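Worth saying up front: this structure is predicted, and the values here are computed from it rather than measured.
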Protein chains: 2
Amino acid sequence: MKRKITLKQIAQELDVSISTVSKALRNSAEISDDTKQKVQAFAKLYNYRPNNIALSLKNRRTNTIGIIIPEIVHHFFSNVISGVEHVANKRGYNVIIGLSNESFSKEVINMEMLANGSIDGFILSIAKETQKLQDYHHFNETMSQGMPIVMFDRVVAEINCDKVIVDDFNGAKKAVEKLIKNNCKSIALITTNDYVSVGKLRTQGYLEAFEENGITAEPKLILKIDDTLDNETQLDVLENEIEQLFKSNKSIDGVFAVNELYALLAMKVATKLGLEVPEDVQVIGFTDGVLSKHSTPRLTTVRQHAHRMGEMAAQLLIDKLESEYDTIDEEFQTVVIPTELIERESTK
Amino acid sequence: MKRKITLKQIAQELDVSISTVSKALRNSAEISDDTKQKVQAFAKLYNYRPNNIALSLKNRRTNTIGIIIPEIVHHFFSNVISGVEHVANKRGYNVIIGLSNESFSKEVINMEMLANGSIDGFILSIAKETQKLQDYHHFNETMSQGMPIVMFDRVVAEINCDKVIVDDFNGAKKAVEKLIKNNCKSIALITTNDYVSVGKLRTQGYLEAFEENGITAEPKLILKIDDTLDNETQLDVLENEIEQLFKSNKSIDGVFAVNELYALLAMKVATKLGLEVPEDVQVIGFTDGVLSKHSTPRLTTVRQHAHRMGEMAAQLLIDKLESEYDTIDEEFQTVVIPTELIERESTK
DNA sequence: TTTTAACACGAAAACGTTTTCGTGACTTCC
DNA sequence: GGAAGTCACGAAAACGTTTTCGTGTTAAAA
């Protein structure tokens, strides 16, 4: 088929030079009105659009940002993407995605693939495996090449860059306080292993709420789920673990879970064991996703404002990109997005 | 900070020409072993990587594919993306995303933004507004410029291009047949307006199952939801409509819904009205998402294999891109992905 | 010793832009 | 009528690659 038309072709066709065509299209005062009209009409007729790749090469800016996330089939992450895309689009940037699938090596490969000029900067949330290995060389290398990074949600303290995080600690704390205020006497925690930074922070929020209220935390009320468990296929294992928690602690009248799936399963198990939600046991989950919204009873959750996080991350990154001439400004900021407790039917 | 190193800089530093460096790095036989070693060592030391943009310009291929979808916070679409990303990555392509938010103009703008050389081809599912307006000029223009398009799920018959679709008709038909076989005598349909192509096809499947079993469809059992309704905020309206359906048709003992939310709400309403699922009313939904998997009772659904659809779409596109020299092959194919009935707890 | 072949490298073009600078043809001014 | 200035345009460089072709040097063959 016919390829896209270029300046060169227009120039040939109209018997002028390439520079004249370029200037005419950009409405330069250097060019006579006659020529301008002729060129512009021709360009319009053939639907001329400047080639983006050539522009990128010339300007040494691609106007594209890369976003690397652990998974995309996930309410939180897809929401972040939509936020990123929203402001990126508004400000004339494209968004290119890479999935790490929670794997360290895929994260590294993805970043290397994009860092070679394809994008101007990164927005990313690191893979669990990376958190476990604590190998951050790829971030340092990328930044040392002058490519800015904005991390969100799962961030790493050792790396100096802009960050957008959820207030995991206080979000969890407030949720647990809510349970305490609602007269729960035996509040269980369902969380992940400690190397997952957000899981750890939420756990700390739980503990802090206890402490401030003079309650001593009981280890047996804390269930740490091994999250190498595949939530898709090993759902029954998960459910079983939670069931054991309930069975060996009949006193439980409140549950705080670090994600909505755990919270939902807690409700399910409770119901199965003949307990009523929220009468007998109240449940709050972190992460406000579709599951929480449409469960019966509808789950009280800690909303993270994922969309806003994405918007904020994109804003930070683009601001940095567009102020790169005053490169002295090597001040990095960490924006904390406050959480919001959405009270629904799983609490009194 | 220090920018990425280029061939030119290596050449200067080593006092050879740019061509020599390039050849040395590509292990050309033209270059002496001495020089090769020197250059390669230097390149490795400074972590040289060829600039992708320059390569794209030279090769006139970006090795990037664009995917335009109506929304990303959506189990089906995010699953498709993950499929696309999977094979794209495996075959050395990047994926750049654009969201139309179901808007015609955003779809057009997004496509124009990417069609100017940023990508080699499109994978897309068209916006509802585009379906309603039936304005497809942007697809034709894109294709006439030699840029291939692969459509998935929501496709348009008038455009000649590769397509990947769900077998909506048969998927729906089989689901309804299942209900019939399970002795449902009064099967309701909860669907969307007709201009949504997949909604229409699923409705036809429902009708066909009736016909083949000698049952006459009753219009009052068919609820068409106006999908300009925002599922997020107007949930109660939705729920109310479904409740009315049940109340004015006490005989209903089976429900087929064209998406999982409608199905879930149907279960919820039924339960609320004192009906047991699946004892009194059996429910099947199209689209196998998280809601279905984690509802109580767990929903029987028609699985679409979204991930596989994404993989297939990417494969079709890349195959076409990489065979573009024998451009005569203007045969387009439509791949139909069969559905699968996942029987869970909402049917007997 | 002369011709030929192999070897090792450099110059330059090309991909599609934008922009700086130069220049020939007029016009204006004294 | 010559100097100076304006106008309208073209040549060329640059962004970072790859690749084709040309060329000088050396070694082998005649």
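- Counting any heavy atom pair closer than 4.0 Å across all strands shown, B:Thr6 reaches sugar-phosphate atoms only and no base atom.
- A tilted orientation is assigned to the rings of A:Phe152 and A:Phe76, their planes being inclined by 30° to 60°.
- Counting non-hydrogen atoms of neighbouring residues, nucleotides and ligands closer than 6.0 angstrom, the OH atom of A:Tyr136 exceeds 12 such neighbours.
- No side-chain heavy atom of A:Gln9 sits less than 4.5 Å from a side-chain heavy atom of A:Glu13.
- Nearest-nucleotide positions on DNA chain C place B:Ser17 closer to the 5' end than the other of B:Ser17 and A:Lys8.
- Note that CG of B:Asp135 and OG1 of B:Thr130 are 8.0 Å apart. Values are rounded to the nearest 0.5 Å.
- Contacts between residues 26-40 of chain B and DNA chain D, defined by a heavy-atom separation below 4.0 Å, involve B:Arg26, B:Glu30, listed by number.
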*Using the side-chain hydrogen bond (donor to acceptor under 3.5 Å, both in side chains) rule, take B:Gln131 and B:Ser197 through it: C-alpha gap first, then chi angles, then the decisive distance, then the call.*
CA-CA 8 Å; B:Gln131 292 190 311; B:Ser197 57; 2.9 Å; yes
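- Side chains of A:Asn63 and A:Leu55 form no contact here, defined as non-hydrogen atoms less than 4.5 Å apart.
- Taking a heavy-atom distance under 4.0 Å as the criterion, the stretch of DNA chain D touched by chain A extends 5' to 3' from D:dA8 to D:dG16.
- Note on B:Leu55: only backbone sugar-phosphate atoms sit closer than 4.0 angstrom, heavy atoms only; bases stay farther off.
- At a threshold of 4.0 angstrom between heavy atoms, the contacts of B:Lys23 include nucleobase atoms, whether or not backbone atoms are also involved.
- Within the nucleic acid shown, A:Ser19 comes within 4.0 Å of at least one base atom, counting heavy atoms only.
- The aromatic rings of B:His86 and B:His307 lie tilted to each other, with the angle between the two planes from 30° to 60°.
- Under the salt bridge (Lys or Arg N to Asp or Glu O under 4.0 Å) criterion, B:Asp153 pairs with no residue, sequence neighbours left out.
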